There are 2 protein chains.
Amino acid sequence: MKLQNITDSENGPSRRRYEDACGTAHALDLIGERWALLVMRELMMGPKRFGDLRADLPGISANVLTQRLEGLEAAGIVVKRQLPPPAAVQVYELTEWGYQSKPIMGALGRWATRSPLHDPTLHLSAVSLMLSFQAMNQPARHKDLTATIGFRLGRESYVLRLEEGAIDATRGDPDGADLVFTGAARAVAAAVYGGVPLATLEAEGALAIAGDHILAERFITFFPLPPKAPQPV
Amino acid sequence: MKLQNITDSENGPSRRRYEDACGTAHALDLIGERWALLVMRELMMGPKRFGDLRADLPGISANVLTQRLEGLEAAGIVVKRQLPPPAAVQVYELTEWGYQSKPIMGALGRWATRSPLHDPTLHLSAVSLMLSFQAMNQPARHKDLTATIGFRLGRESYVLRLEEGAIDATRGDPDGADLVFTGAARAVAAAVYGGVPLATLEAEGALAIAGDHILAERFITFFPLPPKAPQPV
DNA sequence: CGGCATCCGGGAAGATACTG
DNA sequence: CAGTATCTTCCCGGATGCCG
């Protein structure tokens, strides 16, 4: 038992904050530390356990994840909650205010894909893929289409609902969807954002497609990437 | 003269990037380092010199500012430019892509002002004040009003143009504006966001108001802050 | 196993002094 | 004025270990 670990986040004169009244600067005080925004991203589709967060954020270490969750909770962005029995496990969940950052993260992601340095072939989490569909949505491309598309991405499954141009994404079982993709999130991304033909991914065993293949071919054309910014010199 | 300082930003295996295909993660690779976003904020109303950036970002040190500018330039967000003679000084300017982050920063700032921990009485830069008017704009509050309002905030002067609910802000001389505020940016913020009466600020000598006082009293009611998020626990 | 504390090495950030 | 050099401090990342 330790005697003097009051978390020492005692208010020293200025524990490395920007002493700035600007709202944007305060946002950085809240979520500007390393990994903080990505932890929020992983919670954007619903609550998660510590271990799942860790698994979906390759590269984060346990102690940093602990610190970020503490910080986000102290800020009122995340709450630690006990699931009701029989599950009775502890999960972390965004508050209503935390969820309101979703469109901002979407806009930030869309902006950053204009970077010439962006590499879309790296690892991608299941949540990131679902959020990307909403962030990159172009309603005009499918406003006449109503469809349900399922994704089985390792531990997580999602259902995408397209209706009148809007896209709704929820965690849940894809059974009964018009179309179901099974594989890694990055394989789906390769088709949607990388232009890799679905047939190629199926042949490689990277992606399995069940249901309406015509719909699948249409779906992957719905999310055009914005034009790249000019390379610096 | 040093022999071995190739800036050593040689491509080690992964110079502390998130190896993540997600656009938001890439955004953090580009602008997630400390001070980066605030440097961009200070350039949002037009180019600035190194020394002015330093003065408007109290707390940043010269070497960190140098590194951030190098990084932002390498990313294609900022360009270093030589002003034409006779000025012929070096300035830093956002690229077109860099300027496109403006609405994102605005949304981020608006989101963060819901934080119970936000302190609007701290130091505020002139640029932050101008950006806040655009970020917090509620067109319905003044869509019938056409007016020009000037601000003399230390070294910098700005002109705000209100027309049909839109707000346009540019650097420039306030001469001829319907109303001119002269003082520190935080004094204006105290009136607009802090509810401090203009008469009080005038009496204290914190703010001088020239021109249409009625307009001034109306103006400070145009930017309501969003409701606070619940305090954590 | 999930959550959290501890110790340690490397590197980024802060402060200050210095140079062209 | 526009940065660079240097030193210190602190954060991040990784490993280990404790406890429920």
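Naming convention: chains lettered A, B, ... in sequence-line order (proteins, then strands); numbering from 1 in each chain. Keep in mind that this is a model prediction, so the values were computed, not measured.
- Minimum interatomic distance between T148(A) and A177(A) (heavy atoms only, all atoms of both residues): O-CB, 3.5 Å.
- Proximity of a side-chain donor or acceptor of K228(B) to a complementary backbone N or O of T113(B) within less than 3.5 Å is detected.
- For dG2(C), neither phosphate oxygen OP1 nor OP2 lies less than 4.0 angstrom from any side-chain nitrogen or oxygen of K48(A).
- One atom, CG of D29(B), and another, C1' of dC12(D), lie 15 Å apart when rounded to the nearest Å.
- Distance, R17(A) CZ to dC11(D) P: 12 Å, rounded to whole Å.
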For R16(A) and D29(A), run salt bridge (charged side-chain N to carboxylate O under 4.0 Å, His left out): C-alpha distance rounded to whole Å, both residues' side-chain angles, the deciding distance at 0.1 Å, then the answer. CA-CA 9 Å; R16(A) 196 165 296 203; D29(A) 285 336; over 6 Å; no
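- L65(B) has its CG atom 13 Å from the C1' atom of dC1(D), to the nearest Å.
- Between F151(A) and I149(A), some side-chain heavy-atom pair lies under the 4.5 Å cut-off.
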Contact state string [nucleotides 13-20 of chain C, B base, S sugar-phosphate only, - no protein heavy atom under 4.0 Å]: SBB-----
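- Note: CG (L83(B)) to P (dC1(D)) measures 16 Å, nearest angstrom.
- Straight-line distance from the CD atom of E70(A) to the C1' atom of dC12(D): 15 Å, rounded to whole Å.
- Between the side chain of Y158(B) and the main chain of L153(B), no donor-acceptor pair closer than 3.5 Å is present.
- Using a 4.5 Å cut-off on side-chain heavy atoms (C-beta onward), E156(A) and M130(A) make no contact.
- Here dA2(D) presents its C1' atom at 14 Å from CD of E73(B), a figure rounded to the nearest Å.
- Rounded to a whole Å, the CG atom of L57(A) is 11 Å from the P atom of dG13(D).
- Atom CG of L53(B) and atom P of dA2(D) are 9 Å apart (whole Å).
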